[in-house]
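Encoded as structure tokens, the structure appears first; notes follow it.
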Amino acid sequence: MKHVIIGTAGHVDHGKTEIVKALTGRNTDRLEEERRRGISIVLGFAPIDLGGGVEAGIVDVPGHERFVKNMVSGAVGVDLALLVVAADEGVMPQTLEHFEVLRLLGVVDAVVAVTKADLVDSETAVVVESEVRDMLKGSAMEGAPFVRTSAVTGEGIEKLRELLRAGTLKAKQGRGGDFFRLPVDRVFTRSGIGTVVTGTAWAGSVRSGDELVLWPGGKKVRVRDVHNFDRALSEGQAGMRTALALHGVKMEEIATGAQLLSPGAGEETSMIDAVVEVSGMKGSRLINRQRVRLHHAAAEILARAILLDRDEIGEGEKGFVQLRLESPAVAFGQDGFILRTYSPMRVLAGGRVLDPLALKARRFRPEHVAELEALSSREPARIIAALVAREKLGGITLKRARAYGIAEKTAAAEAAALEAAGGARRIGERLFSQAVLEESEKRLYSVLERFAAANPLIWGIDREQLRLEADMGDGPAFDYILSKGGEANRLFFRSGKVRAGSGQLELAQRDVEMMGAIEKRIREAGIQFAGYQDLIRIPGNEKLAVKYLHILQSEGRIRKIGGEGYMDSGVFDDMKKRLARMLSSSGSISVGDFKDEFGLSRKYAVPLLEHLDSEGITVRKGDSRVAGPALQEVRGEG
């Protein structure tokens with residue numbers, strides 16, 4: 001079953017509502033004031049069965065200039081336009097304005113009904129049809145079929161029905177997206193049912209029991225029942241007029257213009273980057289920082305238009321703008337919208353959302369304009385490539401592509417193609433620009449080279465220091481580049497440090513000799529460990545001595561004892577084995593026992609025992625020591 005929304009358009013009193021009634025048997029003027037005054041004020045709705053598996057909903061819009069706001073609200077969701085022009089009046093101001101709204105929204109498919117044909121002769125009708133064709137000339141609707149009709153005599157009504165059926169078969173069905181989306185254009189309560197909202201489902205499907213999220217605000221609600229006009233449905237689908245009875249929300253909490261979305265699909269925004277086309281109507285122009293009325297989905301939002309690539313967009317011209325909203329909205333890439341002037345209110349421009357989650361932009365930035373050109377292409381591959389390039393080391397998830405009008409399955413296919421072509425790299429759940437990764441990799445190796453040159457006696461740079469200096473952020477790209485370097489034997493890792501080129505520290509001959517002399521002195525000291533002040537005299541330079549000691553420690557050749565003592569690692573390990581045998585035999589030892597066993601004075605015995613305590617090799621209990629948890633493995637070795 002195909003579901004399409006047909007929207008009427010035309011001047012006041014040209015017979016839109018009468019034509020809808022003739023087609024459907026329904027009077028869409030539901031307000032008492034509308035029926036009393038004989039004009040439509042708010043949107044009206046009626047179902048029309050066009051046969052052969054084609055169902056449509058007709059949105060009947062007001063034609064009076066005072067209610068253009070309501071017309072625009074209805075036109076934003078239209079798939080097929082029913083343009084109505086009275087044969088006795090021809091093209092009038094609101095005919096032109098309504099047509100301009102449809103054109104700016106990108107409506108392609110239309111049927112023209114020349115109404116009140118019973119009031120004029122054939123020559124007059126031909127003149128009116130010529131006027132309408134002139135109006136349509138050059139637009140996507142040029143070539144739309146015409147039919148002369150009369151709601152009074154029934155002339156042309158069945159022909160119109162046939163043309164609408166052909167138009168709906170041709171029209172694009174619903175909208176893309178792998179989640180449910182419904183802009184709310186009406187809210188009311190029903191006794192025994194509770195809160196009810198209506199709107200045109202723009203994407204996805206919905207069933208009774210589904211959880212949805214109400215935006216703005218993010219309130220969770222649950223669907224009680226789904227209806228399409230007078231019919232209860234098991235499932236509502238994109239392109240259908242849909243009424244939802246909701247649980248968990250009061251009527252007062254929902255404003256016309258709100259949206260219902262599947263959980264996880266929406267995100268509020270206060271800034272939107274877009275491409276706009278200024279109306280071709282005489283005198284239209286959009287200037288930088290102009291205050292405008294944004295008509296998007298079913299909402300009207302005040303906004304400030306920041307022109308990104310010029311100071312003014314003239315009549316019929318296009319340009320990029322950032323709309324800074326005065327109240328939050330939820331938008332998606334490729335959403336159509338209309339801009340009207342703040343005061344006096346007239347149609348100003350139409351456009352498409354490019355970046356619904358834009359950051360505050362600076363004007364006249366070529367790189368930003370190039371990015372928006374890619375986003376405006378409607379090509380998923382170009383859009384994804386532009387997004388990953390922009391997000392740099394943040395990358396994007398494929399779900400993120402939803403916000404830019406790309407279904408997740410499409411995004412996955414395009415991402416795989418981009419990766420196969422060498423333009424991107426998938427790391428975990430995120431997609432990164434290959435160019436950005438390569439640039440970051442070069443930057444990381446440059447940091448490593450500079451560090452090694454400035455610190456020839458230090459094995460490597462601290463991992464987190466490397467992340468910071470290479471400006472790698474907190475994402476997975478840093479770990480990916482390190483892992484890649486490790487697999488290629490270009491990067492080496494030791495005790496939280498990273499080194500490039502070789503896993504071995506390459507020292508000058510003098511450094512090797514000095515370090516060997518320090519190590520020899522420590523080894524000669526034996527269990528009576530060497531002191532710091534004694535060791536720094538060997539090279540005669542304290543800074544160099546510290547670096548030599550650091551290298552010897554990092555390579556596991558010496559152990560630091562207490563604050564300023566150093567012991568050969570082999571001597572230390574032998575001492576632990578002897579200590580393990582002592583404690584295995586006696587269970588505990590005193591300071592005296594330790595001194596006697598190793599021939600130490602108190603000057604060396606006490607700091608050495610305190611060091612053993614700090615490493616869990618021994619545990620102090622009063623004046624004695626017992627075996628600590630770290631001594632168990634030593635006993636096993638023994």
Side-chain angles (χ1 to χ4, degrees), residues 42-43 67-77 101 104-105 181-188 195 197-200 202-203 212-221 246 248-276 286-308 320-361 402-405:
V42 297
L43 298 176
F67 307 118
V68 170
K69 168 188 171 181
N70 294 334
M71 180 273 164
V72 171
S73 176
V76 170
V101 168
L104 291 169
L105 284 171
R181 185 181 185 195
L182 180 98
V184 175
D185 53 36
R186 191 175 168 216
V187 188
F188 56 92
T195 302
V197 299
T198 69
T200 298
W202 275 22
L212 299 175
V213 182
L214 179 67
W215 295 100
K219 185 179 181 66
K220 292 182 180 179
V221 299
L246 301 177
V249 64
K250 297 178 182 177
M251 185 182 80
E252 297 78 18
E253 297 177 273
I254 308 177
T256 299
Q259 294 186 59
L260 284 164
L261 298 169
S262 298
E267 191 172 338
E268 286 185 2
T269 185
S270 60
M271 279 183 273
I272 292 170
D273 284 347
V275 59
V276 299
L286 178 62
I287 61 175
N288 185 47
R289 297 197 61 78
Q290 184 171 344
R291 200 177 189 210
V292 295
R293 297 175 184 272
L294 167 66
H295 294 269
H296 167 258
E300 178 186 23
I301 301 170
L302 294 176
R304 190 75 63 179
I306 308 301
L307 276 56
L308 299 176
F320 294 119
V321 304
Q322 181 165 93
L323 298 171
R324 296 178 182 169
L325 313 183
E326 296 183 18
S327 53
V330 174
F332 292 82
Q334 310 309 322
D335 281 358
F337 61 84
I338 290 291
L339 297 180
R340 291 201 301 156
T341 52
Y342 177 69
S343 181
M345 290 178 282
R346 64 190 296 266
V347 172
L348 174 60
R352 284 186 294 126
V353 173
L354 302 181
D355 189 347
L357 304 170
L359 299 175
K360 193 171 184 179
R402 279 178 167 184
Y404 296 86

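Owing to the predicted nature of the structure, the values given are computational and were not obtained by experimental measurement. For the single chain, residues carry numbers from 1 onward in sequence order.
- A donor-acceptor pair is defined here as one N or O able to donate and one able to accept, closer than 3.5 Å; no such pair exists between the side chain of Glu326 and the backbone of Ile301.
- A distance of 11.5 Å separates CH2 in Trp215 from CG in Leu260, rounded to the nearest 0.5 Å.
- Using modelled atom types, no side-chain atom of Asp273 and backbone atom of Leu354 make a donor-acceptor pair closer than 3.5 Å.
- Under the 3.5 Å distance criterion, the side-chain polar atoms of Arg293 are matched with a main-chain donor or acceptor of Tyr342.
- Residues satisfying the side-chain contact (heavy atoms from CB on, under 4.5 Å) criterion with Gln290, sequence neighbours excluded, are Leu286, Ile287, Val292, Thr341, Leu348.
- Once rounded to the nearest 0.5 Å, the distance linking CG of Leu308 with CG of Asn288 reads 8.5 Å.
- The distance from the NE2 atom of His295 to the CG atom of Leu104 is 12.5 Å, given to the nearest 0.5 Å.
- Checking side-chain atoms of Gln334 against main-chain N and O of Gly405 turns up no donor-acceptor pair under 3.5 Å.
- Of all heavy-atom pairs between Ala297 and Trp202, the closest is CA-CH2, 3.7 Å.
- When atom types are taken as modelled, the side chain of Thr269 and the backbone of Pro356 share a donor-acceptor pair closer than 3.5 angstrom.
- Summarising the geometry, atom NZ belonging to Lys360 is positioned 5.0 Å from atom CZ belonging to Arg324; distances are rounded to the nearest 0.5 Å.
- Shortest non-hydrogen contact noted between Val330 and Gln259 is O-NE2, 2.6 Å.
- Closest non-hydrogen pair, Leu325 versus Ala303, comes out as CD2-CB, 3.8 Å.
- For the pair Gly336 and His296, the tightest heavy-atom approach, listed with the atom from each and the gap, is O-CD2, 4.0 Å.
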Derivation of the side chain to side chain contact (heavy atoms under 4.5 Å, CB included) call for Ile254 and Leu246: CA-CA 11 Å; Ile254 308 177; Leu246 301 177; 4.1 Å; yes
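- Separation of atoms CZ (Phe332) and CZ (Arg402) is listed at 8.0 Å; rounding is to 0.5 Å.
- Looking at Glu300, its side chain never comes within 3.5 Å of a backbone N or O of Gly257 through a donor-acceptor pair.
- The shortest heavy-atom contact between Val353 and Ala274 is CA-CB, 4.3 Å.
- At distances below 3.5 Å, not a single donor-acceptor pair connects side-chain atoms of Glu267 with backbone N or O atoms of Leu357.
- Side chain of Ser270 to backbone of Pro328: no donor-acceptor contact under 3.5 angstrom is found.
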Test side chain to side chain contact (heavy atoms under 4.5 Å, CB included) applied to Asp355 and Ile272, step by step: CA-CA 6 Å; Asp355 189 347; Ile272 292 170; over 6 Å; no
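- Ala331 and Arg181 get closest at one heavy-atom pair: CA-NH2, 4.3 Å.
- Using a 4.5 Å heavy-atom threshold, the side chains of Leu323 and Leu339 count as touching.
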Could you walk me through whether Leu212 and Leu182 pass the side chain to side chain contact (heavy atoms under 4.5 Å, CB included) check? CA-CA 10 Å; Leu212 299 175; Leu182 180 98; over 6 Å; no
